[in-house]
Amino acid sequence: MPELSKQYDPHAAQKKWFPFWEHRGYFNADPPKPGTTVVKPPHTIMIPLPNVTGALHMGHALNGTLQDLITRWRRMQGYEALWMPGTDHAGIATQAVVERRMIEEEGLTRHDVGREALVNRIWKWKETYEKRIVGQQKMLGASCDWRRIRFTLDPVCTKAVRHTFFKMFRDGLIYRGKRLVNWDTFLQTAVADDEVFEEEVDGHFWTFRYPVVDDAGHDTGEFIRFSTTRPETMLGDTAVCVHPHDERYAHLVGKKVRIPLNGRLIPIIADALLADQELGTGAVKVTPAHDPNDYACFQRHPHIGIINILNPDGTINEAAAQGDPFSRDPQGSPPLAAKYVGKDRYEVRELVIDDMAELGCFEAVEDRKIPIKHSDRSKTPVEPYLSDQWFVKMGPHTTPDGREIDLAQSAIDAVESGRVRFFPARYANTYLDWLREKRDWCISRQLWWGHRIPIWSKLVNGEDWPDELGCQLTDRQLARLIEFTSLNPAWRDRVGCAVSEGTTPGSRLLLVCVDDGHPEIETALEQAGFLQDPDVLDTWFSSALWPHATLGWPDLDHNPPLDLNVLADQDETDAHFEDPEADSGTPAPGWGNRVLPYFYPHETPADGNKSVLITSRDIITLWVARMVLTGLYNMGEVPFWHVHVHPKILDGFGQTMSKSKGNGVDPVDLIEKYGADAVRFTIASFAGETQDVRLPIAYACPSCDHLIPQTLEHQTAKPAVGDGVKKPTLICPKCRAEFQYTSPNYDPDPGVPVARMVSERFEYGRNFCNKFWNAARFAILNLEAGPGGAAYTPAPVAADQLALEDRWILSRLASVSRQVDEHLSRYQFDAATRALRDFTWNEFCDWYLEMIKPRLRGGSPETANDRLAATRQGSAAPGNNVAEVRAVAQRVLLAVLDSLVRMLQPFTPFLCEELWQRLKELAPVRALPANAFRDSSSDTSTPPSGRSSQDSAASVMLEPRSAEEACIIARWPEIPQSWRDPALEKRFERLQETIVAVRNVRAIYNLPPGTPVKLLMRASPEVAADVQSVAAQFDTLARAVLEAAGAEVERPAGAASFSLGDADGYIPLADLINTEAELERHTKEAEKLRKLIAGHEAKLANPNFVSKAPPQVVAQHRETLEAMRKQLASVEEIIRDLS
RNA sequence: GCGCCCGUAGCUCAGUUGGUUAGAGUGCAUGCUUGACAUGCAUGAGGUCGCUGGUUCGAGUCCAGCCGGGCGCACCA
């Protein structure tokens, strides 16, 4: 076979293996065919659907890596592992980005192009970015079942949205109500809370006064003073509020005041929540339609009324001047307010101040910094604005047919009962705290991109619908509706009806909801003069249904359709491309949809389905909570058992990453520089439970690839304006090249080299991949026939054929494989990564491979045999020739390597597939852990469980087995835990300590690596025998020849010494010895020991410690103390000798 | 204001239910290129675990307070 290159080439592997996996259908997950008796347990992960707004960033890369890791791990464990891909239409964000581009490039607003054309443009945008997103995910190695890709606006999801809305409407859970929204007067749309930013602006704090009037409406001469930062809202005041305990105003509560500007009389009310006695004058004006707190106050005191004074464009409307439905100034003074109508609110503010001053009602003004909410999109201040919205009721509710529903409570119960578990557990707080407020969910958005609200409405005469307000369907209303609209009575189960207050006095608004799939009813309604609601649904309404909608709900008769066009390279025809449902004939009614019941959670967690949601903490409320409650509402079961919340990625300064901040690293840049495996491995190593991840960013020099750390100045730098615009540049400190870099503030000049944002920390993964690649390369070179001997042949390996290092590495392998399983099952990716890295690098490479080199080279058969004989300790030696020794080493080496390749596959899949396929050529049949793999010929319905093997000296530990056709579907290793041998590991540790001590002496005396040294060891006979049994390794690992070992060994003159717990070592150096340096070294060592001994002695002298601490801890201290005393004695002896 | 989290080596982070001498990667220092790997090997230096107090025989770990940082939710006439 072609020799492996010295360095791992990630890009070649990525190019080769992703299409290979995809074409062979390894990513596909399907329910068992009808009639199948053996059923694999399902495992489902629903992707937190990325927005089609733009390309993926590091957060997605982290999120995707972890999901893929778990999916690949579960797949190898024998689960039918589905990772469901898809994207979100992300209403607000996507429409905003397309609108912004339209205005920048063509100067067009959405009103210029119209609803249909805008939506068409956004669809085009969606196609482009969905393709890009899928490309990025595939580049990372995402093993989603791409045939099942969904989009929240596609027909499958739309069905689910329509039907859920209909169900909720008929249950009375959806209602129409008023709500204060953040209104962008420039774009004339509502914006979400997370789309506004606060900015302190210089403002003023004015104090005015309203005249108090008597019952007849005449001024009493008394005034009430109040302060405001927004004087124009006086036009919409409907009350003045004081604290109920405020004695200054107690006599005024219940009286009225006159708004001098428009002559309206409004009451003085007492409300402890709104008014604060300490603040300002203690009295506060109430403008329910334009202030959230005032609105809340209005809800507590509905009699005060509510007046909207703004037009959608921010100008003052008629109602501000004259629309006074309540009471009117009997004095009939001419309202000044008429002249405000049609003027902008800020202009009116000034007029109001002037007029109030003229009327003698102005008291004072002071400067003040005021936090003002601004729209992210238009950068203009937003106004609180009262508008009609649709809501879902979150708290307790009785349906018209008498069922009790409490959506929020059901989701609370799911977590409190432990049915849904958070990892880490603390995130359950965020979820529960939010749900417990049971705030109704506003689901309407004034946008064009999204699911249009399936409500048709018509304004009717109130006399036709007296006293029937409300959003609950009654049979009587329905019958009336059918009669009224001449709808077909057969449609009565497909529509819901509600009546709401109309826009003009006495009128009623008839609201009709139509179930999914009935365009004929929609047409009939439109012919009857009904109009569809122009708004669309909150994006989260559709994504809340994601876990069951993607599996085909509410269609229980058909499996959800597959999209075979998304697969890479469709030219290649392959059996796996076929729709597995194509041959299943006419689906049975009822549960003809087999995908939904199989992959949607339907058993208790103990029963195998380990479906998990892996997401970031900022959507625990918006998304996770809503998926749980809609899952329970529609499916009667939670959508996942586990929720893993992973950390967020921050830049080196602790800021969240975003393109607009100039710190948004593109994962594709990282993959190009370091390779997908390295990026995945590094990301997995980040994903711990406690902290967010800081990722210091650097720019890669485009000419020499040197990394230049990013500073905050780089993030904010802007081109200098002057004669000719000079863009900021960097100068590479290494190659002196000057170049531009990616910035949020400007585009680099076309054609010039640009430094990309990367991060040095990914070298961690790259180096590891290269290390493992080379370990495999070493193994492969030694499995082939060569100067060391024959090529690898498969054969069983028994315990008594193993050398010390073989037993040791297998013992360690057993520990590590268990750790990896435990860490992954708790979503502790950092710990799993560390365990694998440490084992691979520090144990397998640094010690095991070094130790078996002599055996593989066939160069030192005697020592190898000696060691074998010694390790066996008395058992008869089988085949003691060079070839046999090499063959055993090859088999053990391959077995360990095989397990490692399997265990690393979920982390670094491309690398592992590459190695797997190469090993397959060389060794299609391998010695693998006996009993550790399920027999591949019989699938069992339960996942594999650990089995212990009989561990007698002659028992077969490794058995030849055929390797699977691909690493991605290879069995996950279950190493017998009986292989663990703590006593042997302890012996091995002494060997390691001794070798490090010898190397230390070599380093101190700067002995050339080629020069052998002599080593004498003084130890008890037992320890000495053990040391002698591994003598050859001293030579291999430290170029030290063990001259003698035993209790009688004496320290020769002119020797460097070291002292371990239970043995002392001497290395004769004759003239080389530096007595002073040796003395200093040992004196230091002695001092350290004395301190520790003193500490231990004090502890043991404390009667409380001896009596209260657990006996094993006390015994442990005694033992340690004893060992340290011995060691100190040795060191002191050496010091005496030296001086 | 309420809640959650974090503060450990120059930097980025581990540290299981409290229990021997607090670890890793990177950076730093020194020495190594004859066959797995310089994206490498070996050795070493580097930490009063944010501060104060408490519980305990024993605290990086538990409790309280403080300081510093992050996030979420409220509030801001």
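In the text below, chain A, chain B and the rest are named by the order of the sequence lines, each starting its count at 1.
- Figure legend. C62(B) is base-paired to G54(B); pairs are counted as Watson-Crick or G-U wobble with both atom distances under 3.5 Å.
- When the P atom is compared between G60(B) and U55(B), the two are found 16 Å apart, to the nearest whole Å.
- One C1' atom belongs to C62(B), the other to C57(B), and the distance between them is 16 Å to the nearest Å.
- Among the atoms of the strands shown, only primed sugar atoms or phosphate atoms (P, OP1, OP2) are found under 4.0 Å from some heavy atom of Y764(A).
- U8(B) and C49(B): their C1' atoms are spaced 4 Å apart (whole Å).
- Rounded to whole Å, the separation between the C1' atoms of G68(B) and G50(B) comes to 8 Å.
- At U21(B), one or more side-chain N or O atoms of H1096(A) fall inside 4.0 Å of OP1 or OP2 (strictly under the cut-off).
- At the heavy-atom level, R834(A) lies under 4.0 Å from the strands shown only through sugar-phosphate atoms.
- Nucleic acid contact class of V996(A) (heavy atoms, under 4.0 Å, all strands): sugar-phosphate only.
- Looking at heavy-atom distances under 4.0 Å, D846(A) makes contact with sugar-phosphate atoms alone, never a base.
- For the C1' atoms, the distance linking C51(B) with G46(B) amounts to 23 Å, nearest Å.
- Within 4.0 Å (heavy atoms only), R837(A) reaches sugar-phosphate atoms of the nucleic acid but no base atom.
- Searching all strands for a Watson-Crick or G-U wobble partner of C4(B) with both distances below 3.5 Å returns G70(B).
- Within the nucleic acid shown, D294(A) has no heavy atom closer than 4.0 Å to any nucleic acid atom.
- Pair check for U43(B) finds A29(B); Watson-Crick or G-U wobble, both atom distances under 3.5 Å.
- The same atom, C1', is picked in U21(B) and in U17(B); the two are 23 Å apart, to the nearest Å.
- Using a 4.0 Å cut-off, no side-chain N or O of T430(A) falls inside it from OP1 or OP2 of G3(B).
- Other residues, nucleotides and ligands contribute over 12 non-hydrogen atoms within 6.0 Å of the CD atom of E1097(A).
- Within the nucleic acid shown, P1008(A) has no heavy atom closer than 4.0 Å to any nucleic acid atom.
- Salt bridge absent: K1084(A) and E1087(A) never bring a charged side-chain N and a carboxylate O closer than 4.0 Å.
- Base contact: C845(A) has a heavy atom under 4.0 Å from a base atom.
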